[in-house]
Amino acid sequence: MASTSTTRQAGQLAVLDEIRARGLIHRSASGEESVTPGLEAVLSEERVTGYIGFDPTADSLHAGNLVPIMLLVHLQRHGHRPIGIVGGGTGLIGDPGGRSAERPLLSREQAEVNLQGMRAQLEKFLDFEASENAAMMINNADWLDGKNLLDFLRDVGKHFTVNYMLAKESVRLRMEQEEGISFTEFSYPLLQAFDFLVLHDRYGCRLQMGGSDQWGNLTTGVEYLRRARGVQAHALAAPLLLTATGEKFGKSVGGGSVWLDPNRTSPYRFYQYWFNADDRDAGKFLRTFTLLHLDEIEDLEREAADKPESRTAQRRLASEVTRMVHGETALAGAVRASEALFGGDVAGLSADEVTEILEDAPSIAVSRSRFEGEGTRLRDLIGGTGLSPSAGEARRAIQGGGIYLNNRRVTDVQFRVTLEHSIDGKVIILRRGAREYRLLHIEG
């Protein structure tokens, strides 16, 4: 990530005001914010160390993780010190918060593989070289792996009654499910509380942040520091985002997660996810997932309201987030691919990129022999792809300028298509009109 400012500039919002203005604090049904009392004063008077935990349930973070990540980013930009905890220890247990069933248990080997991928991704967002408030990334297996069970029960368990634990919403909701909750997951809040204590003792950490489904875990940690160390610690919960259509944020059209790993979700599809955001979500997403000034976001919202067809807000959103996650080069490639989809130049795109871009278009296998030598007439190809119902209609479509080969208009009814017109010798794009595509795969 680009270097971030570590001191608050004159006229800049205080960190909690900034987070609040960007909609990053969860509010209950009564309107109450999920922030412990006194946090605002502490953040304004001293440099605070705060942390967020990430469970290594996959080898990549996903778009939903960007909400807590941005909390750490804002914390650091305002001069405070962020810590990312990658839960190599707690990830072996599983967090009951926000789930109706128990997580599958990870092996230590798989957890370590997942950790490596997540570490590299977190480093894109935070400044680990800052002189006064450098970010840290820590694996809680460093202290949990060697923790004796009897010592843990004496040091942590004695501070909490079963009644206290049962009062937590995440536990209560799971107990109402038919399958209930295992003791393994029941113990998770205590493990997370112990993380908080270790971070306090080693690094002076006094703030824990997470999603609203983590509120019970967060406040358990605050209570543990009060009882075990006599320290006033703090917690802040971010909202779990839903799109304007009521769907869980971070899911693609097919229902899968939008990953930060380019091997799981390509930069092109990542860009398209943000570009296709609902008009009603664009402003909220700009506040939540970018560092654009709030005044600029308001200008983009006004422009979008006046000219929604321009998708200016979504284009800026997609550019900002893709650049932050994948870098400038990948962003340029995603933009080029997106423009190609809407009739732009496909020169420079690989066959694999074209195939991905047109994944949803009808695909037809065509023998390589048809394109050898003089090739085959374009109008014959069109008739065999369903772009035209008859040879006569194909001729008229070409003469009328409605047929495109690799997004270039062809008006010569005698035009012949050869291997030279293919992309990497593998694919050819045919299009009729603005958006009716066919992708020819050359085989043999």
Side-chain angles (χ1 to χ4, degrees), residues 1-8 15-16 18-19 24 39 42-43 45-57 59-61 65-92 95 111-147 191-211 214 217-218 221-222 224-225 228-229 231-238 260 291 324-325:
M1 182 180 178
S3 178
T4 57
S5 171
T6 58
T7 56
R8 186 158 62 92
V15 61
L16 206 59
E18 172 111 22
I19 291 172
L24 285 169
L39 176 58
V42 170
L43 287 170
E45 295 170 1
E46 57 187 275
R47 177 176 287 118
V48 172
T49 297
Y51 93 96
I52 291 177
F54 300 90
D55 277 340
T57 51
D59 59 2
S60 171
L61 297 168
N65 294 127
L66 289 175
V67 177
I69 288 173
M70 292 308 294
L71 284 176
L72 292 176
V73 169
H74 288 297
L75 194 72
Q76 185 173 45
R77 283 169 60 85
H78 285 264
H80 305 287
R81 188 181 195 184
I83 296 178
I85 288 290
V86 184
T90 47
L92 299 176
D95 175 13
E112 182 58 33
V113 170
N114 295 350
L115 286 171
Q116 297 304 321
M118 294 170 64
R119 283 193 186 106
Q121 291 169 348
L122 284 175
E123 288 173 350
K124 296 180 180 181
F125 296 90
L126 301 169
D127 185 351
F128 288 80
E129 305 297 332
S131 59
E132 296 181 335
N133 65 334
M136 299 182 66
M137 192 155 43
I138 305 172
N139 182 356
N140 65 9
D142 292 347
W143 55 81
L144 289 179
D145 268 354
K147 188 66 175 175
L191 291 169
Q192 188 165 322
F194 185 66
D195 285 349
F196 200 0
L197 181 130
V198 171
L199 293 178
H200 169 266
D201 288 352
R202 294 185 181 183
Y203 309 107
C205 182
R206 295 174 56 194
L207 170 63
Q208 183 182 183
M209 300 180 289
Q214 287 274 313
N217 294 343
L218 301 179
V222 170
Y224 181 43
L225 259 66
R229 295 290 185 268
V231 171
Q232 177 59 60
H234 297 278
L236 183 154
L260 306 192
L291 297 175
M324 183 161 51
V325 173

Checklist line | Qualifying residues under salt bridge (charged side-chain N to carboxylate O under 4.0 Å, His left out), relative to Glu45, sequence neighbours excluded | finding: none
Note to self: Under the rule for salt bridge (charged side-chain N to carboxylate O under 4.0 Å, His left out), what residues qualify as partners of Asp201, not counting sequence neighbours?
What the structure shows: Arg229
Next item on the list: For Ser60, check side chain to side chain donor-acceptor pair (under 3.5 Å) against everything at least two apart and list the hits.
Entry: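 Only Gln121 meet the side chain to side chain donor-acceptor pair (under 3.5 Å) criterion with Ser60.
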Notebook entry, point to check: So Ile69 and Leu126, side-chain contact (heavy atoms from CB on, under 4.5 Å) or not? Walk me through it.
Noted result: CA-CA 9 Å; Ile69 288 173; Leu126 301 169; 5.8 Å; no
Decide yes or no for [X] and [Y]: does some side-chain heavy atom of the first lie under 4.5 Å from some side-chain heavy atom of the second?
{"X": "Phe196", "Y": "Ile85", "result": "no"}
{"X": "Leu16", "Y": "Leu236", "result": "yes"}
{"X": "Met70", "Y": "Met324", "result": "yes"}
{"X": "His74", "Y": "Leu291", "result": "yes"}
{"X": "Leu66", "Y": "Leu260", "result": "yes"}
{"X": "Leu191", "Y": "Asn140", "result": "no"}
{"X": "Val86", "Y": "Leu122", "result": "yes"}

Margin query: Could you go through Gln214 and Gln192, starting from their C-alpha distance and side-chain angles, then the distance that decides it, and tell me whether this counts as side-chain contact (heavy atoms from CB on, under 4.5 Å)?
Written below: CA-CA 10 Å; Gln214 287 274 313; Gln192 188 165 322; 3.1 Å; yes
Next item on the list: Kindly determine whether Ile19 and Val15 satisfy side-chain contact (heavy atoms from CB on, under 4.5 Å), including the steps that lead there.
Entry: CA-CA 6 Å; Ile19 291 172; Val15 61; 3.9 Å; yes
Item checked: Full working for side-chain contact (heavy atoms from CB on, under 4.5 Å) between Leu72 and Phe125 -> CA-CA 9 Å; Leu72 292 176; Phe125 296 90; over 6 Å; no
Check: Do the charged groups of Arg47 and Glu132 touch, with an N to O distance under 4.0 Å?
Finding: yes
Note to self: Measuring from atom CG of Leu71 to atom CG of Leu24, what distance do you get when rounded to the nearest 0.5 angstrom?
What the structure shows: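 It is 5.0 Å, given to the nearest 0.5 Å.
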May I ask you to decide if [Y]'s main-chain N or O and [X]'s side chain share a donor-acceptor pair within less than 3.5 Å?
{"X": "Arg81", "Y": "Ala134", "value": "yes"}
{"X": "His80", "Y": "Leu75", "value": "no"}
{"X": "Gln76", "Y": "Asn133", "value": "yes"}

Next item on the list: Would you mind telling me which of His200, Gln208, Arg206 makes a side-chain hydrogen bond (donor to acceptor under 3.5 Å, both in side chains) with Tyr51?
Entry: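 With Tyr51 as partner, His200, Gln208, Arg206 yield a single side-chain hydrogen bond (donor to acceptor under 3.5 Å, both in side chains), made by Gln208.
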Item checked: Heavy-atom pair with the smallest gap, counting every atom of Gly211 and Ala237 ->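 Gly211 and Ala237 have their closest heavy atoms at O-CB, 4.0 Å.
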Next item on the list: Identify the two heavy atoms, one from Leu61 and one from Met118, that lie closest to each other, and give their separation to 0.1 Å.
Entry: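 Closest approach of Leu61 to Met118, heavy atoms only: CD2-CE, 3.4 Å.
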Note to self: Looking at Glu129, I'd like to know if its CD atom is crowded, meaning that more than 12 non-hydrogen atoms belonging to other residues, nucleotides or ligands lie closer than 6.0 Å.
What the structure shows: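 Not more than 12 within 6.0 Å, no.
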